[in-house]
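The structure appears below as structure tokens.
What you see is a predicted model; the values in this text were computed from it and never measured. Keep in mind that the numbers below use all heavy atoms, side chains included, and drop hydrogens, waters and symmetry copies. In what follows, chains carry the letters A, B, and so on, assigned in the order in which the sequence lines appear, proteins first and then strands, with residues in each chain numbered from 1.
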There are 2 protein chains.
Amino acid sequence: METQKPRGGPPSTAVTLVEVARLAGVSTSAVSRTFTPGASVAEKTRARVLEAARKLGYRPNAIARTLSTRKSRIIAVVVSYLQNQFYPTIIEKLSQSLQAHGYHLLLFISNDAAATDDDIDSLLLDILQYQVDGIVLASAMLSSSLAAHCHAASIPVVLFNRVSAVKDVSTVVSDNVEGGRLAARLLLQSGAERIGFIAGLEDSSTSQERERGFVDELARHGRPLFVRGTGQYDFEAAAAVTRELFSRDEKPDALFVGNDHMAFAVLDALRNELGLAVPEDVQVVGFDNVPQAAWGGYQLTTIEQNADLMTQATVSILLERISSGVRMGAGHVTTPVTVVHRATTRKATKAESAAPR
Amino acid sequence: METQKPRGGPPSTAVTLVEVARLAGVSTSAVSRTFTPGASVAEKTRARVLEAARKLGYRPNAIARTLSTRKSRIIAVVVSYLQNQFYPTIIEKLSQSLQAHGYHLLLFISNDAAATDDDIDSLLLDILQYQVDGIVLASAMLSSSLAAHCHAASIPVVLFNRVSAVKDVSTVVSDNVEGGRLAARLLLQSGAERIGFIAGLEDSSTSQERERGFVDELARHGRPLFVRGTGQYDFEAAAAVTRELFSRDEKPDALFVGNDHMAFAVLDALRNELGLAVPEDVQVVGFDNVPQAAWGGYQLTTIEQNADLMTQATVSILLERISSGVRMGAGHVTTPVTVVHRATTRKATKAESAAPR
DNA sequence: TTGTACGCGTTATCAT
DNA sequence: ATGATAACGCGTACAA
């Protein structure tokens, strides 16, 4: 026999404050205070309340609390595509850090590099309905109308790895321009002759900045960009453009690829389809922060964004804004990038493998 | 000049139904109905309401609606570690599919393979506070006490890629036992002699099932397992155990690795630290569903879980349970696994690269 | 079709 | 320290 349903109304009824209060023989406020960390309750009543709550299997209703306090302790995170392993990493770190502060993540995937402004706007409106305490935009551009909405609702927004024309929005970015410069220097000093660049999405600020730094630095050394293609941060597109670049008579001998995700595709195409050796025939420099696990030891030098610094900055800006009630403005953080050399993959010769260790 | 704050109360005040109603000169219910898809409102009043709402920048408060309707349209998803690219993929698909049905994802990361039962319990209690409409557990075990809680709250739970001793919980898994069998057959028919297995977490059902199928099939062919190690689904641990297995006199010539994530580590260790060629010296079979992008063309055969089928099953079970009000029970779905051969990576010879195409 | 009034579960205010 | 009561913003019988 199951417990009987109270009445014919709602399908099921949760245990509420009121019932706990009744069983404990106290007022609802006493119960509320018992479950409010900083409140003052007599030890005796507190015990009675907890006992009653335990008996009834009571747990506070965060939704009702939100309605009353106007704090949901929910942070919305908008991400475009999780194929680029940089973002799962970020999400994981964000979640850990925010959970430690009692916040939770409401996740939104804004698919499609081809999402229209309206799509994004409606998504944001969707988010706002949930009365989130903050928003991390790691995906789309923020239209000024949306910024206005967030401003009106006084919701802190942090643009993650994106910049926007809208003023007064906090942003956390890594130094993509300097990253591009670093990539150029690496290739130049390794003696590359015909240096190419494979861009991400053309209207993406990260791609633009990386290209700018890269081309600038080449120019400072009196070297032009030998060839340029667009991979749209997409695996297939990057592979396709690689094939195309190498179908010409004059082939590049070095490539700076807009992010790791595309770099995989480029390496794949180079080695398996075009039969070129990396780095002997072509050198490749990638850009992003894919966990080592995904690399499998490929020969590749990468410009890494520091995921820890970026999430840390994001969280601190967010929390500070939330607690201070400051809407928007300032809070622009640029984290440095790092050059990381990955291990070389070579097929070992029998002689080598025979040698101890 | 900005709009003036209403009063000294809460820091900011959102636009509500009431204000819209007042401006439109109608009742609050009229406004409510206007924003309720299937309601009956006169076209004329609807227009007035929408106009007023637009002017005031009104958007419905999902939290208040939840309190009233007892439907949050939020699904909690619990994942352990996002380093294994299988899970970002799942999350992305889940999110897309559920968003299409008007649901949103509240994401929880239950870090640490070493999380205690209590950790998980408190996390779940945390989740329950948000009155989620459903839970996807892709990470932790479900204790029977938790199951009882969910049952009491009448919240549908789907165990994703996990099995539990608790009865009457919906589960969606791929056929890990058959996957293990497939792996064994592949290695046997390729002439492997000394076949090893690297397990994931010892208490993980997926790892146990894969091993069971693998060992069973070997036994059916009169072959014992040559060697066994544990990688704990961790990159470093997998690399370490690989080094150890190959430091002995008798080295395996084939390995079945519990998932792709560890397979990367194994390949890395084999090729770069131990100087062994894959697949010439050692054959490796992986298990999971990492996007092609991450592979970079490694020689590896993988047993793939079908992410699409699994999410599809998860969503349909969830939605069906939610709408029907059925708490738990039945709903066990096992999706088939597939064998996928990845492209071979070889360093091209000069002769090859000179040849056209 | 439209409006009134109450309930959803909790917190905050103000007495006591 | 404790208790009564009014919000919080919205859905929804129910009555008109």
If you restrict it to nitrogen or oxygen atoms, what contacts under 3.5 Å exist between nucleotides 13-16 of chain D and the protein, and what is each distance?
none

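- Among dC10(D), dA1(D), dG9(C), the nucleotide with an atom closest to any side-chain atom of Ala64(A) is dG9(C).
- Nearest to the side-chain atoms of Leu67(A) among the listed nucleotides dT11(C), dC10(D), dG9(D) stands dG9(D).
- A perpendicular orientation is assigned to the rings of Tyr87(B) and Phe160(B), their planes being inclined by more than 60° (bins at 30° and 60°).
- With dC10(D), dG3(C), dT2(D) as the candidates, the nucleotide lying closest to the side chain of Ser40(A) is dT2(D).
- One can place CG of Asn61(A) at 14 Å from C1' of dG7(C), the figure rounded to the nearest angstrom.
- Within 4.0 Å (heavy atoms only), Thr45(A) reaches sugar-phosphate atoms of the nucleic acid but no base atom.
- The nearest whole Å value for the distance from the CG atom in Leu17(A) to the P atom in dT5(D) is 17 Å.
- Of the candidate nucleotides dT11(C), dT10(C), dT4(C), dT10(C) has the atom nearest to the side chain of Thr16(A).
- Remark: P of dC8(C) and CD of Gln129(B) are 20 Å apart, rounded to the nearest angstrom.
- Note on Arg65(A): a side-chain N or O is less than 4.0 Å away from OP1 or OP2 of dT11(C).
- Close to dT10(C), at under 4.0 Å from its OP1 or OP2, lies a side-chain N or O of Tyr58(A).
- Classified by interplanar angle (parallel below 30°, tilted 30° to 60°, perpendicular above 60°), the ring pair His104(A)/Phe108(B) is tilted.
- Looking at Ser68(B), its side chain comes within 3.5 Å of the base of dG7(C) through a donor and an acceptor atom.
- Across dG11(D), dG3(C), dT11(C), the shortest atom-to-atom separation from the side chain of Ser27(B) is found for dG3(C).
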